[in-house]
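Numbered from 1 within each chain, the chains take letters A, B, ... in sequence-line order. On a predicted model such as this, the values are computed, not experimentally measured, just so you know.
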There are 2 protein chains.
Amino acid sequence: MKLRVSPDTFPPRGHEAKRISIVDAAASVFCREGFSGANIDLIAAEAGVSRQTIYNHHGDKEKLFVAIVRDLTERCNAGIFATIATFPDQPKDLEADLIGFAVRMNRNCICNRDGRFLRKLIQTEGERYPELFAEWREQGPGRTWPALAARFARLAYAGFLSIEDPDVAARQFLALANAELQTTFMLGGTPQDDEVLQSATSGVRTFLRAFGRQKPAPHATKQGALASA
Amino acid sequence: MKLRVSPDTFPPRGHEAKRISIVDAAASVFCREGFSGANIDLIAAEAGVSRQTIYNHHGDKEKLFVAIVRDLTERCNAGIFATIATFPDQPKDLEADLIGFAVRMNRNCICNRDGRFLRKLIQTEGERYPELFAEWREQGPGRTWPALAARFARLAYAGFLSIEDPDVAARQFLALANAELQTTFMLGGTPQDDEVLQSATSGVRTFLRAFGRQKPAPHATKQGALASA
DNA sequence: GACGAATTAGACAAGACTGTCTAAATTTGT
DNA sequence: ACAAATTTAGACAGTCTTGTCTAATTCGTC
């Protein structure tokens, strides 16, 4: 296999630029080739950096790998929390607002570069680094699931939904929103925008058939919420 | 890394026994280590067979890998169709029967050895062998999804469910049944029986809240079905 | 422009792996 | 029990990879 320089900017300028370039290239290569298959020379070429620089920055291949996973976990978490912050607490149109939220979640957290890479690394190398991915589990799902569940609980409390267990509802919401994308995810592909919208739409519709209230919440926008408890 | 002989029967007897032993060991090692990381010597040791025998049977590493994926696809498909054959067409207790079906699907097709292995190989090597996994997609989801959808359509036609799109409903059914197991699957783990039951139960409950009929189907067991169209 | 730190190319040793080959040993069918 | 086919252990060449080292070059900063 011949190594070709990436079509990026020729050599990245500055210390920090190189660091970022290395992390990006390493994520891409680890993700594409797996840990065993990843080749430091290829990472170096793709980062536009010499091999020695990678060893200077990260020590060895395993440390590099761990750094990549930590980095991806952190960035993905940030994205997920930022997206959860856009959850529709006081929806005008519940269905449309939840569809919008599901689409944002997919596009900004699950289908984007970081999300795809992290998911693949967890799937392929999760068993080889139990403590590393236990850490991911705590910092990732362990914190994001409850945060999302809390928003659904709030929506139920305000009278928009009829939910018994908010944790279960949150997981089912995402499962439904992604139901049509499973095969694409399995093969590492990136679904088109319209596929994401399609899946979110049918998923949210089903979710609301199960958990929506027939009565569209008695004007419980601000003051009425507490009365319905 | 030292290679140790597997604790299986010492050397497998007979030509066919060796073939099977090689396929089993190779599936396990490819799955654990990925294609690049898989070591022919390790596969040979784990199969209780000499390295040369593997080359005699399969030619080279890549041909061996393709043979493994074909084999797993075939076995998994057989299991899925066998399980779909147990779908409750004339349920006594719709909820209980669908939960039972979801549990069987999980235990016999998704969580078992073949299912876990095939899923992982698709996830890790899918992009490297497009034509091979396109084949899987056609033979697997391409044939099993419609088969399952047909059973849901039949259930709806008989008055047990209220469904618009049986294909969507089938995908959402499985997505819901697995909603609680996602994290475990990501890390390659095998969920406990009670976790599978738990996930199936809450998934089916939500599914029936969305698609169940309030009226428990007007005795539409045999003759009444056609009338409700 | 000059100094110190960072980066580079390349060589290099050590080890691992694939795939081939051979001669001996074992198994199978008859 | 015999002959043919299969399997085995081990050696082997060739290739690839990791991680280190060195000497020269470039970069950031004053």
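- If you take CD1 of Ile54(A) and C1' of dA9(C), they are 14 Å apart, rounded to a whole angstrom.
- His58(A) has its NE2 atom 15 Å from the P atom of dT18(D), to the nearest Å.
- Overall bending of the helix from dG1(C)-dC30(D) to dT30(C)-dA1(D), expressed as the angle between end axes built from five pairs apiece, is 50° (10° steps).
- Taking 4.0 Å as the cut-off between side-chain N and carboxylate O, Lys120(A) and Glu125(A) do not count as a salt-bridged pair.
- At least one side-chain nitrogen or oxygen of His57(B) sits closer than 4.0 Å to the OP1 or OP2 atom of dT7(D).
- dT17(D) atom C1' lies 18 Å from atom CZ of Phe65(A), rounded to whole Å.
- Between Glu16(A) atom CD and dG28(D) atom C1' the separation is 14 Å, expressed in whole Å.
- Separating the CZ atom of Phe35(B) from the P atom of dC17(C) is a distance of 14 Å, rounded to the nearest angstrom.
- An OP1 or OP2 oxygen of dA6(C) is reached within less than 4.0 angstrom by no side-chain nitrogen or oxygen of Asn56(A).
- More than 12 heavy-atom neighbours from other residues, nucleotides or ligands sit within 6.0 angstrom of CZ on Arg107(B).
- With respect to Phe173(B), the ring pair (Phe, Tyr, Trp, His ring centres under 6.0 Å) criterion is satisfied by exactly one of Phe211(B), Phe152(B), Trp145(B): Phe152(B).
- For the OP1/OP2 pair of dT8(D) and a distance below 4.0 Å, the side-chain nitrogens and oxygens of Thr53(B) include at least one atom meeting the criterion.
- When each of Tyr55(B) and Ser50(A) is assigned the nucleotide of DNA chain C bearing its nearest heavy atom, the one mapping closer to the 5' terminus is Ser50(A).
- Salt bridge annotation for Arg205(B)-Glu164(A): absent, with no cationic side-chain nitrogen under 4.0 angstrom from a carboxylate oxygen.
- In this structure, the ring pair (Phe, Tyr, Trp, His ring centres under 6.0 Å) partners of Phe101(B), at least two apart in sequence or on a different chain, are Phe87(B).
- Side-chain N/O atoms of Lys18(B) include one lying less than 4.0 angstrom from OP1 or OP2 on dT8(D).
- Using a 4.0 Å heavy-atom distance criterion, Ala38(B) is classed as a sugar-phosphate-only contact.
- His15(A) has no side-chain polar atom (N or O) that falls below the 4.0 Å cut-off from OP1 or OP2 of dC27(D).
- In this structure a side-chain-to-backbone donor-acceptor pair under 3.5 Å is missing from Asp71(B) to Val23(B).
- Side-chain contact between Arg137(B) and Phe133(B) is absent, with no heavy atoms from C-beta onward closer than 4.5 Å.
- Closest contact between the side chain of Val49(A) and the listed nucleotides dG19(D), dT8(C), dT17(D) involves dT8(C).
- Pairs of residues two or more places apart, or lying in two chains, that qualify as salt bridge (charged side-chain N to carboxylate O under 4.0 Å, His left out) and include a residue from residues 50-59 of chain B are Asp41(B)-Arg51(B).
- Residue Arg51(A) places its side chain closer to dA11(C) than to any other of dG19(C), dA9(C), dA11(C).
- In this structure, Asn39(B) does not reach the dA16(C) phosphate: none of its side-chain N or O atoms is under 4.0 Å from OP1 or OP2.
- Atoms NZ (Lys61(B)) and P (dC16(D)) sit 14 Å apart, rounded to a whole Å.
- For the pair Glu33(A) CD and dT17(D) C1', the computed distance is 14 Å after rounding to whole Å.
- Per the geometry, CD1 belonging to Ile40(B) stands 14 Å off C1' belonging to dA16(C), to the nearest Å.
- If you check dT7(D), dT18(C), dC21(C) against the side chain of Gln52(B), the one that comes closest is dC21(C).
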